J.: 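Before we start, here is the structure in question, set down as structure tokens.
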Amino acid sequence: MRLSRYFLPILKENPKEAEIVSHRLMLRAGMIRQQSAGIYSWLPLGLRVLRKIERIVEEEQARAGAIQVLMPTIQPADLWRESGRYDAYGKEMLRIADRHERDLLFGPTNEEMITDIFRAYVRSYKDLPLNLYHIQWKFRDEVRPRFGIMRGREFLMKDAYSFDVDKEAARHAYNRMFVSYLRTFTRMGLKAIPMKAETGPIGGDMSHEFIILASTGESEVYCDKALLDLETPAADTDFFSDLTPIVEAWTAPYAATDEMHDPAAFETLAESARVSARGIEVGHIFYFGTKYSDPMGAKVATGDGNEVPVHMGSYGIGVSRLVGALIEANHDEAGIIWPASVAPFHVGLVNLKPGDGPTDAASEDLYGKLTAAGVEVLYDDTDTRAGAKFATMDLIGLPYQVVAGPRGLKDGVVEVKNRASGEKELLSPDAVVNKLVPALTA
RNA sequence: CGGGGUAUAGCGCAGCCUGGUAGCGCAUCUGGUUUGGGACCAGAGGGUCGCAAGUUCGAAUCUUGCUGCCCCGACCA
């Protein structure tokens, strides 16, 4: 993409409403625009990151056997009356009436609707297990939206719903999502730690929040340092084998959020093993049994001919929140530092002197070769000053910057800068291609 | 929902106390000089001063009401 033909509205100054670093950087980097409290437009750069995150989530959901659907944002109130939640939900639910005065709502979540879909088609245990998910915009009318995209009223969420014939089968479904989440967050360059969460009326041990550590996190969390070094399950993990050993390895060490924290248990860890930090919740999985299938009549026939309400679980990932969380975890004074897997572009190619023959030729050549090799390049071909170009590149945080100018090209080299480490090296254009293509297209 | 702020050009702000018809920096446009870490000079465009009532000869400025947004707390993915 040529910057001269792109839409990247950078702000030099800090908007005063943005207090938290991710919010500030997203506004400054031209990723989002606030339209109302907790409601944002996604500008091109922000949208690209959102899509990168979605793609990773989709790939890992597929690997774990979940199947994608898409349910509407607007739901009929009657479904929620069946589950009893229409009255129970409170003011966070945005209620709407259509022209016929029928009660609708902007969905804050989708248990009722997915249960309705399930009961319409599935009758037999032979069709299980089943896990359906979608990635859709949700709305919760928060009293006080804040932290930019991290705590908006409208937010993009992946929510999956599992259906199984009994609790034991549901536990396998739960484990698949558990392992899938470990892989999903690791691929985004995040260290997400599963922490036991409150299970509400169901009870049991099947509810975890996935928390990433960031100094600006919203809540206090505590865990065993050992969790930070555990190995993420490999891509070729068989999700339909017994995943219990993996889940146990990840749930054995101490890990708890503020609400679930047990200081006495935490104190039994060696001083050096105690990690107490701030965290951001990016995922939440839980088993809720027949809470919805029962009142809504979602039943399947078992092998012995009985009909039983299906056992369900739900599994959320805050997709739009992750954009903010990623920035909270990856930034410095100059701006964002994207992990390559979610970066809006891989490389920022800076032409220091548009109009200069050799510089243009070298830049165009690099742009063509990198792009042809599958590297996503944002090519700054604009006629502005070097300092402004560098500042913009640092701000938007692409993993690599390639700087081509007359001075270096006299000696046949361009500069490659690693945004994360700050390391710079001078390489010939061909060497740049040889270095970056394998690093970014693996 | 309690408490506290704030609202003036795209962004950041001054002006308000002491009423006289709006200004600064950045950004934008034109011309020139510049050009390897957010250039300089000269000129230009851009604002129903959040909205509505009131006081006054006259309101960005004083009064009242409303609304938006932000922060702290309670709540939440």
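Just so it is clear, the model here is predicted, and its values are computed rather than measured. Within every chain, numbering begins at 1; the chains are lettered A, B, ... in the order of the sequence lines, protein sequences first and strands thereafter.
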J.: Given the C1' atoms of B:U6 and B:C13, what is the spacing between them in whole Å?
T.: 13 Å
J.: Enumerate the side chain to side chain donor-acceptor pair (under 3.5 Å) contacts for residues 182-194 of chain A, please, sequence neighbours excluded, ordered by first and then second residue.
T.: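 Sorted pair list: A:Glu59-A:Arg187, A:Glu60-A:Arg183, A:Glu60-A:Arg187, A:Thr186-A:Thr232.
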J.: Any strand counts, and the cut-off is 3.5 Å on both contacts for Watson-Crick or G-U wobble. Which nucleotide pairs with B:A7?
T.: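 B:A7 is paired, partner B:U67.
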J.: Hunt down the Watson-Crick or G-U wobble partner of B:A59, both distances under 3.5 Å, from any strand shown, or write none.
T.: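 Across any shown strand, B:A59 pairs with none.
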J.: Which part of the nucleic acid, if any, lies within reach of A:Gly318 when heavy atoms closer than 4.0 Å are counted: base, sugar-phosphate only, or nothing?
T.: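 No contact.
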J.: Dump the pairs, protein N or O against N or O of nucleotides 37-42 of chain B, anything under 3.5 Å, distances to one decimal.
T.:
{"from": "B:G37", "atom 1": "O6", "to": "A:Lys424", "atom 2": "NZ", "distance (Å)": "3.4"}
{"from": "B:G37", "atom 1": "N1", "to": "A:Asp394", "atom 2": "OD2", "distance (Å)": "3.3"}
{"from": "B:G37", "atom 1": "N2", "to": "A:Asp394", "atom 2": "OD2", "distance (Å)": "2.4"}
{"from": "B:G38", "atom 1": "O2'", "to": "A:Lys12", "atom 2": "NZ", "distance (Å)": "3.3"}
{"from": "B:G38", "atom 1": "O6", "to": "A:Arg28", "atom 2": "NH2", "distance (Å)": "2.8"}
{"from": "B:A39", "atom 1": "OP2", "to": "A:Arg385", "atom 2": "NE", "distance (Å)": "3.3"}
{"from": "B:A39", "atom 1": "O4'", "to": "A:Arg385", "atom 2": "NE", "distance (Å)": "3.4"}
{"from": "B:A39", "atom 1": "N9", "to": "A:Arg385", "atom 2": "NH1", "distance (Å)": "3.3"}
{"from": "B:A39", "atom 1": "N7", "to": "A:Arg385", "atom 2": "NH1", "distance (Å)": "3.4"}

J.: I'd like the C1' distance from B:G38 over to B:A60, given in whole Å.
T.: 33 Å
J.: For B:U34, which nucleotide is its Watson-Crick or G-U wobble mate, given both distances must be under 3.5 Å?
T.: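 Per the H-bond distance test, none.
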J.: Please enumerate all residues that pass ring pair (Phe, Tyr, Trp, His ring centres under 6.0 Å) together with A:Phe239, with sequence neighbours excluded.
T.: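 In terms of ring pair (Phe, Tyr, Trp, His ring centres under 6.0 Å), with neighbours along the sequence ignored, A:Phe239 is linked to no residue.
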J.: Test: ring-ring contact (aromatic ring centres under 6.0 Å, His included). Region: residues 48-96 of chain A. Which pairs qualify, not counting sequence neighbours?
T.: A:Trp80-A:Tyr89
J.: Using a distance-only criterion (donor-acceptor N/O pair, under 3.5 Å, no hydrogens), is the base of B:C76 paired with the side chain of A:Arg151?
T.: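 Checked by distance alone, the answer is yes.
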J.: Quick one: is the NZ or CZ of A:Arg140 closer than 6.0 Å to the six-membered ring centre of A:Phe155, and within 45° of its axis?
T.: no
J.: Quote, to the nearest angstrom, the C1' distance that separates B:G45 from B:A9.
T.: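 Here B:G45 and B:A9 have their C1' atoms 11 Å from each other.
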J.: How close or far is atom P of B:A77 from atom CD1 of A:Ile149, stated in whole angstroms?
T.: 18 Å
J.: Please check the phosphate of B:G68 (OP1 and OP2 only) for any side-chain N or O of A:Gln34 closer than 4.0 Å.
T.: no
J.: Taking ring pair (Phe, Tyr, Trp, His ring centres under 6.0 Å) as the definition, give me every residue that meets it alongside A:Tyr379, ordered by chain and number, with sequence neighbours left out.
T.: A:Tyr367
J.: Classify the nucleic acid contact of A:Glu142 as base, sugar-phosphate or nothing, counting any heavy atom under 4.0 Å across all strands shown.
T.: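 Base contact.
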J.: If the P atom of B:U63 is compared with that of B:A7, how far apart are they to the nearest Å?
T.: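 Comparing P positions in B:U63 and B:A7 gives a spacing of 15 Å.
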J.: Using a cut-off of 4.0 Å on non-hydrogen atoms, how would the nucleic acid contact of A:Val282 be classed: base, sugar-phosphate, or nothing?
T.: nothing
J.: Does B:C11 have OP1 or OP2 sitting under 4.0 Å from an N or O in the side chain of A:Lys16?
T.: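 Answer is no, no contact under 4.0 Å.
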J.: For a quick test of reading the model: is some side-chain N or O of A:Arg144 closer than 4.0 Å to OP1 or OP2 of B:C72?
T.: yes
J.: Once you round it to whole Å, what is the distance between C1' of B:G36 and CG of A:Asp380?
T.: 13 Å
J.: Who pairs with A:Phe390 by ring pair (Phe, Tyr, Trp, His ring centres under 6.0 Å), at least two apart in sequence or on another chain?
T.: none
J.: Within a strict 4.5 Å, meaning less than it, do heavy atoms of the A:Asp141 and A:Met93 side chains meet?
T.: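 When only atoms from C-beta onward are counted, A:Met93 and A:Asp141 do not touch, as no gap falls below 4.5 Å.
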J.: Across the strands shown, which category fits A:Gly324 at heavy-atom distances under 4.0 angstrom: base, sugar-phosphate, nothing?
T.: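 A:Gly324: no heavy atom of the nucleic acid under 4.0 Å.
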J.: Calculate the interatomic distance between A:Asn14 atom CG and B:G10 atom C1'; express it in whole Å.
T.: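 Rounded to whole Å, this separation is 16 Å.
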